[in-house]
Protein chains: 2
Amino acid sequence: MDKQTITIYDVAREAGVSMATVSRVVNGNPNVKPTTRKKVLDVIDRLDYRPNAVARGLASKKTTTVGVIIPDVTNLYFSSLARGIDDIATMYKYNIILANSDENEQKEVQVLNTLLAKQVDGVIFMGNKITEELRAEFSRSRTPVVLAGTVDPDEQVGSVNIDYEAATKDSVEMLLANGHQKIAFVSESHEDPINGQYRLSGYKQALKAASIAYDEELVIQSEYTYKVGDAVFEQLTKAGATAAVVADDELAVGVLNAALDRGLSVPEDFELITSNNSKLTEMTRPQMSTVVQPLYDIGAVAMRLLTKLMNKEETDEKTVKLPYHIEGKGTTK
Amino acid sequence: MDKQTITIYDVAREAGVSMATVSRVVNGNPNVKPTTRKKVLDVIDRLDYRPNAVARGLASKKTTTVGVIIPDVTNLYFSSLARGIDDIATMYKYNIILANSDENEQKEVQVLNTLLAKQVDGVIFMGNKITEELRAEFSRSRTPVVLAGTVDPDEQVGSVNIDYEAATKDSVEMLLANGHQKIAFVSESHEDPINGQYRLSGYKQALKAASIAYDEELVIQSEYTYKVGDAVFEQLTKAGATAAVVADDELAVGVLNAALDRGLSVPEDFELITSNNSKLTEMTRPQMSTVVQPLYDIGAVAMRLLTKLMNKEETDEKTVKLPYHIEGKGTTK
DNA sequence: TCAGTAAATGAAAACAATTTCAAACAGTTT
DNA sequence: AAACTGTTTGAAATTGTTTTCATTTACTGA
């Protein structure tokens, strides 16, 4: 009736050894005589014993699972990071509990709490803003946290990303070099330091260096979805923009298509650089020029960093900046 | 030094009650006098007590987490399902452990085993073929399993999908109605029953009804990636196809772009229907005609079904087929 | 042969909850 | 006042491991 589970106790009894010895065998502890090891292994095989990870977690205080907070798995930028995270996690024998937050501050805090209740060994956070409440939770629990593709201006927790400021500056400079004067900057809310602080600053620097006045009209805040592309393009047109730096690929596709649907030629009539180098950039026609971020690697490196923190290994740097470059494709001349 | 954790024991002591009573309060058991409940709640609040989910899991044999095996999070089709799964899981207080399998049979089995070792309360499997080994594991553990967007011809485990056979038949018929004679069918390996059995059968039925001979040249097996689109289109050209039904959106974009890059007009010179209705279908120009699958819902319903199985509730049907329809967009006349 | 050391083993105590079962209590009914 | 009922409560067992610490065994060199 009930699924009778084989426990370490059954194995011990059958093999005529103590639970401790079985535990040692299972965990690869070298202090077991080869003959005993073989005996135990045989019984394990015969009974088809599988250690119960929950009991293990309770006894050892390690669950070998890490929590991953992601705004939306359906967003290619984040899912690419997630893939890198999972691969490295698997490599180090961890599993990931994935939780969508929709970048909703309440959900983020709530999800973090349930992850901590589940005793995850570490957390990888993707999002935008680290609210005070979130930071408080981070430091209250002694669980290591690493941000992936997310910045913490205070650098209190580990993080992996690229230099958004420089990348944006480079993007704008490329458009400037192509002769544009009215270059727009489109991103999500400036409350997120990644946009309001870093990217915006890069944008301003480039303009300043070219002695072009900052025009608020050209700076647009919008959600990162395909469907708002049309409305955003309307605004761009109204502001007289002839080129734009867009902070999200999906939105960039929306803007690009809005331009094309209006009969414009890209890049002849309008130029565009996007920011994430997700698969989308090569799927559009023309293909989108983009900041090439090593998405998979950001996730992978973040997870690797987390493993170090979980093992209390020494780490050179808690904040790592990965290289990027700008790749001109079809949406710039 | 060590993070001193507050346990149920601390709460009991401080509140002057037994652990059992604290447990009752935490779990909302009604058999607690209101005054006691308040007293306990106050202490919980004061000590900031959080129940340890691992200990809970061990004692109650329920982890409130389900395992989700996904081929690749980075594939929009699957990530859309995953989003539906997670939302419903959250609604029912479950968390998901997500594991990428790359549709690799070995990885699938291995991942399933670690999920079971972690005592997940249920498993949602996305993939293609249910190998014998996998099925054996499914039935050996008494853990409920539901397939999402995946078929099991034997209908031994629960599953949620659409009628792939009919959908493919409809797609082909639409192309037939547009006057095509040489219609190709492009999918992944026919070893997957979803392709080799259902979709292919739908394809054949439509041809037969139109008295068109089945031509092997027109049936192409290929991986589901964007980058092979070019090679696939070459094959299509060689076989003289003037239209195609493609089983994956990403691949469909590749094929579409290959056609466009060769200077063809779509749908004038070549027609195409894709199968997943992911975001991609509206991002291309022209937009892709597609089988409209309720992606999010497939995931959501699968998870809902799983909750029923986990609670041993009666379920009307273990196999549910969701409705679909064909939406003609820009790649068909 | 015997001490000294290292390797191998086991008993029992954690780990932090839930669950079972019996006892205490309170409120009715006779 | 006793008997009966149902609600609250707590003691102790249970869950399946790991870990600590003591003990036994095996081996080495004097």
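Within every chain, numbering begins at 1; the chains are lettered A, B, ... in the order of the sequence lines, protein sequences first and strands thereafter. This structure is a prediction, so every number in the text was calculated from the model and none was measured.
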Give a yes/no answer on whether the side chain of [X] brings an N or O atom under 4.0 Å of OP1 or OP2 in [N].
| X | N | answer |
| --- | --- | --- |
| B:Y9 | C:dA14 | no |
| A:T7 | D:dT15 | no |
| B:K61 | C:dT19 | no |
| B:S60 | C:dA17 | no |

Do [X] and [Y] have a side chain donor and acceptor closer than 3.5 Å?
| X | Y | value |
| --- | --- | --- |
| B:S80 | B:R83 | no |
| B:T114 | A:K93 | no |
| A:R24 | A:N31 | no |

Given side chains that start at C-beta, do those of [X] and [Y] come closer than 4.5 Å, heavy atoms only?
| X | Y | result |
| --- | --- | --- |
| B:L322 | B:P294 | yes |
| B:E133 | B:E105 | no |
| A:M310 | A:Y94 | yes |

Sequence-aligned protein contact record of nucleotides 4-10 of chain C, with B where the base is within under 4.0 Å of a protein heavy atom and S where only the sugar-phosphate is: ----SBB

Among D:dT18, D:dG16, C:dA17, the one nearest B:R56 by side-chain distance: C:dA17

Closest to side chain of B:P51, choosing from C:dT19, C:dA17, C:dC15: C:dA17

Bend angle of the helix from C:dT1-D:dA30 to C:dT30-D:dA1, end axes from five pairs each (to 10°): 50°

